[in-house]
Chemist: 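Got a structure here, written out as structure tokens. Questions coming.
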Amino acid sequence: MELAKTYDPTALEEKWYRYWLEHKFFAAKPNPDKEPYCIVIPPPNVTGQLHMGHMLNNTIQDVLVRKARMEGKEACWVPGTDHASIATEAKVVAMLKEKGIEKRSISREKFLEYAWEWKEKYGGIILDQLKKLGASCDWDRTRFTMEPNLSEAVTEIFVALYKKGLIYRGVRMVNWDPQSRTALSDEEVHYKEVNAKLYYIKYPIAENGGKPLLTTGNQQPETRNYLIIATTRPETIMADTAVCINPNDERYRHLHSKKAIIPLINREVPIIEDKYVSMEFGTGCLKVTPAHDLNDYELGLKHKLPVIDILNEDGTLNEKAQLYVGMDRFAVRKQIVADLEHAGLLEKVEEYKSNVGYSERTNAVIEPKLSLQWFLKMEELAKPALDNVLNDSIQFHPPRFKNLYRSWMENIHNWTISRQLWWGHRIPAWYLPDGDFVVAESPEKALELARAKDSTVTASSLKQDEDVLDTWFSSWLWPISVFDGFKNPDNPDIKYFYPTNDLVTGFDIIFFWVARMIMAGYEFKGEKPFRNVYFTGMVRDKLGRKMSKQLGNSPNPLELIAQYGADGVRTGMLFSSPAGNDLLFDEKLCEQGSRFNNKIWNAFRLVKGWQVQPVRSENGCDVNAAIRWFEARFNEVLTELEDHYQKFRMSDALQTVYKLAWDDFCSWYLEMVKPEMGQPIEREVYEATVRFFEDILKVLHPFMPFITEEIWQQLQERKRGESICVAPYPQVNGTADQGILPEAATVFEAITQIRNLRNSRGLSPKEPLPLFIRTENVVAYQPFECIIQKLANISSIGFVTDKVADAASFIIKADELYVPLSMTLDAEKEREKLTKELEYARGFRESVLKKLGNERFVSNAKPEVVAAEKQKLADAEAKIKALEEGLSRLG
RNA sequence: GGAACGUUAGCUCAGUUGGUUCAGAGCACCGCCUUGACAGGGCGGGGGUCGUAGGUUCGAGUCCUAUACUUCCA
């Protein structure tokens, strides 16, 4: 069979994924004989498309799951999707709009019909995309946050928390998104610093006879009948219910207990005093607008000010504003500034940087707005969730996220859980005709409770709350609900798989999701939901910019897979993804990934092409040392690899297997054992090579599942139903001869030096050269003799006790190696080189001597360190001796 | 205003308890090498006073202080 010169993943990936599914390698069920290993997927938005962030965190999850599966654990990766209340509703609204249908013109029932239709149409796409990536999820366990079982769990939890007194309803200042016309939680608001303007507006003083009111600086007291207020939001002045000054502010002492008049609408408001007002900012006078600013609201409560809400749900002004009714808030801002100026009431305008809140979903500017919402008290829930992260019962990777987590948990606000949307879990509260309400699991139960309050209530007079719950109110239950842990708390699945092992997610949802899952875990199961949390950073483009549709800098993951293969893209993503740090994505990384695949593929072609014979041919090379070396080296790397995995250093783990496969296996091992062109290979060597190759494939498999399966299947005869997916992961071999490693290192150094010699002298690699070695440790070289000849193209090796004249030489530790050259040596150059080396070695010796001569060092440093220094000294001295001899020989 | 267990080669990053065989890796760059597993390859090479300024120490990329910049949070 002819193997292609380059690896082509396209057909193979589909073939193997189908094979894996057919044989149910990804299916997991409780098995008392095996250790469980479980990950629940961060459920992507049901109507979403795979983006680079998904690619990253799902690749990491797959690596972890596949490795656990090969280690013989019962590996369970639970997939699923999130109904994504706001995002999905926005998409459906947009779709309807295209059809010419306004959401508000149709009934809730009709809208939900459309929404479900939409979900059915697009809901499976993202999961199919994950399959293309090679994700080894147990697809039979696929869940959806709005499927009946999970929805029931949400309702039950709501009722339970209400009964416990943790959920309450009330009028509070919330973050209002005028575009999607719903309240948002604090976490859904992102603040950005923007260039704004600070408007200085004149407010006339009521009942004033024109006495001097305001003095500024060194100027003469001016006669003014107004005060000046600086504000960034002039459009809200109609909602002002007071003007506030600092009681210690000397400039305004005469204003105490006076009244000010709001410009344009001429409404009188009291001038109040509060230390909250900064005397430095603006003019020291603050307009108080309780309806449209959180701080003003608090101030209003304190001073019992009335609240005038002048905004509609969509951000336009209502009748209470008296002016500009029906206009959008930003249009009003422009207009009112013009009108104030026209009326001579605008003193000046300054440039100003201010922080403005934006909706993370719609990017609309958030309005602080008073409204009636449902809230969840968080303090009690946060306590165990905080403690168990701080004491590492749940470990964060990297640990620095503990700080961020702590500062949020210690200043936690109550969670606004109601949303003025239709797509989602409807709040299980029902209102009686008199406005009182009951909270219950079902309409029947609600009616029962309502009748206890008022016996005249009927099913039709009881009205369910129109709002739905925040999406995260179902997501926070995910690690429990995917195993039906609420409906059926003692079922075998949840008992076996909960708590799960690792959670892999972006740090941007640490509060939205991670923190709340931890709270839910302790509150509802009395146990953590997972043991480790691995935080990924954001995927950015190579210039460090966020990936966004507007910039068009976000590659299409499926196109990348088509171009580089899933294995190539997976390795590409992991090449540069330190935990918690942003990943600057460059397509070049995927290219590097696919080149790596090709390298492995060609190693396979080489091995596959060998003819095997039982014994070594007469002039064959003894490569036993190569086998012993690789065994030891593999062991060493495996230990290192395991350490990286333990610390969740995925990028380092990949880097480690990359070098093992490319450098150690391909560049050294295969070159060492490779027979001459057309010659057969000894059976023993062949078998060792295949064994090593299989081990390499196994450690590579979690990173590049497809190509490793393909090669593994071809490397030896396999039975139907076998797969590298479930092949046992290599274990550290205690009997390997680790002692050969330093010897091999010396040999490799020698080979490199000889190659270097050729290079620097322009000698062809094809021209064989003789080699003489002067060493006290001949046995270290002997097993490698033939290998040195092969790799450095050496015609013969001789061990000598004296210097060799007319030869290029180099020094490795205390050994001296000579390569006689037919061409004449440039003695001057040679001397220069040796002198340079000698200088360095002497300098080195000096520093070691200085250190060892220092009494404080010898007495204070650890004995190992001192011993190491002494060894360094001995090595350096041997080297210096050899160099000096070399120099004297040159004359 | 607070936090960073951020600032190391052109780029992206390692560097674990302070010890000049640690100043490293990958990519990029520069040489040389194609009938040979792979040119998507091989063999070599150049390149950084570890943000800046002080300090502690026999010794600092590693610890302390200040400062600049960057990022995150409010």
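Residue numbers begin at 1 in each chain, while the letters A, B, ... track the order of the sequences. The model shown is predicted, which means the values in this text are computed figures rather than measured ones.
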Chemist: Using OP1 and OP2 only, check whether a side-chain N or O of A/Arg755 sits under 4.0 Å from B/rG44.
Modeler: yes

Chemist: What integer number of Å spans the C1' atoms of B/rC73 and B/rU8?
Modeler: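 Their C1' atoms lie roughly 27 Å apart.
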
Chemist: Just name whichever nucleotide pairs with B/rU35, Watson-Crick or G-U, keeping both distances under 3.5 Å, else none.
Modeler: none

Chemist: If B/rG1 has a Watson-Crick or G-U wobble mate with both distances under 3.5 Å, name it; if not, just say none.
Modeler: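 Its partner is B/rC73.
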
Chemist: Would you say a side-chain N or O of A/Lys674 is under 4.0 Å from OP1 or OP2 of B/rA37?
Modeler: yes

Chemist: Please determine, for the side chain of A/Lys659, which listed nucleotide (B/rG6, B/rA25, B/rC38) has the closest atom?
Modeler: B/rA25

Chemist: For B/rA25 versus B/rG45, give the span between their P atoms, rounded off to a whole number of Å.
Modeler: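 Here B/rA25 and B/rG45 have their P atoms 11 Å from each other.
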
Chemist: If you count every heavy atom of other residues, nucleotides or ligands that lies below 6.0 Å from A/Glu640 atom CD, does the total exceed 12?
Modeler: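 Yes, CD of A/Glu640 has more than 12 neighbouring heavy atoms, counting only those of other groups under 6.0 Å.
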
Chemist: Write down the partner of B/rU65 under the Watson-Crick or G-U wobble criteria, each distance required to be under 3.5 Å.
Modeler: B/rA53

Chemist: Quick check on B/rC38: is either OP1 or OP2 less than 4.0 Å from any side-chain nitrogen or oxygen of A/Lys5?
Modeler: yes

Chemist: Using atom P in both nucleotides, what's the gap between B/rC22 and B/rA37 to the nearest angstrom?
Modeler: 35 Å

Chemist: Return the 5'-most residue of the pair A/Leu606, A/Pro399 with respect to RNA chain B, ranking by each residue's nearest nucleotide.
Modeler: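 Taking each residue's closest nucleotide, the earlier one in sequence belongs to A/Pro399.
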
Chemist: With a 3.5 angstrom cut-off on both distances, give the Watson-Crick or G-U wobble partner of B/rA14, or none if there isn't one.
Modeler: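 By the stated definition (distances under 3.5 Å), nothing pairs with B/rA14.
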
Chemist: Does the side chain of A/Trp662 get closer than 4.0 angstrom to OP1 or OP2 of B/rA25 through an N or O atom?
Modeler: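 It does not, given that no N or O in the side chain of A/Trp662 lies less than 4.0 Å from OP1 or OP2 of B/rA25.
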
Chemist: Tell which nucleotide pairs with B/rG44, taking only Watson-Crick or G-U wobble pairs whose two distances are both under 3.5 angstrom.
Modeler: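 Paired with B/rG44, as far as the under-3.5 Å criterion goes, is B/rC30.
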
Chemist: Could you tell me whether the phosphate oxygens of B/rG41, OP1 or OP2, come under 4.0 Å of any side-chain nitrogen or oxygen in A/Asn602?
Modeler: no

Chemist: Please work out if A/Asn756 contacts a base, only the sugar-phosphate, or nothing of the nucleic acid, heavy-atom cut-off 4.0 Å.
Modeler: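 The residue A/Asn756 makes sugar-phosphate contact but no base contact.
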
Chemist: What's A/Gln592 touching, base or sugar-phosphate or nothing? Going by heavy atoms closer than 4.0 Å.
Modeler: sugar-phosphate

Chemist: Taking the C1' atom in each of B/rU12 and B/rG48, what is the distance between them to the nearest angstrom?
Modeler: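 Pairwise C1' distance, B/rU12 against B/rG48, rounds to 15 Å.
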
Chemist: Would you measure the distance from the P atom in B/rA28 across to the matching atom in B/rC43 and give it in whole Å?
Modeler: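 Roughly 15 Å separates the two P atoms.
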
Chemist: How far, in whole Å, is B/rU56 from B/rG15 if one measures between their P atoms?
Modeler: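 Pairwise P distance, B/rG15 against B/rU56, rounds to 29 Å.
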
Chemist: Rounding to an integer number of angstrom, what distance separates B/rG19 and B/rC64 when you compare their P atoms?
Modeler: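 B/rG19 and B/rC64 have their P atoms separated by 15 Å.
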
Chemist: What's A/Ser594 touching, base or sugar-phosphate or nothing? Going by heavy atoms closer than 4.0 Å.
Modeler: base

Chemist: Does A/Lys588 have a side-chain nitrogen or oxygen under 4.0 Å from the phosphate oxygens OP1 or OP2 of B/rC11?
Modeler: no

Chemist: Closer than 4.0 Å, any side-chain N/O of A/Ser651 to the OP1 or OP2 of B/rA14?
Modeler: no

Chemist: When syn is taken as a glycosidic angle within 90 degrees of 0, is B/rU34 syn or anti?
Modeler: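 Because its glycosidic torsion lies within 90° of 0, B/rU34 adopts the syn conformation.
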
Chemist: Heavy atoms under 4.0 Å, any strand shown: does A/Arg649 hit a base, just sugar-phosphate, or nothing?
Modeler: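 The residue A/Arg649 makes sugar-phosphate contact but no base contact.
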
Chemist: Quote, to the nearest angstrom, the C1' distance that separates B/rC27 from B/rA66.
Modeler: 37 Å

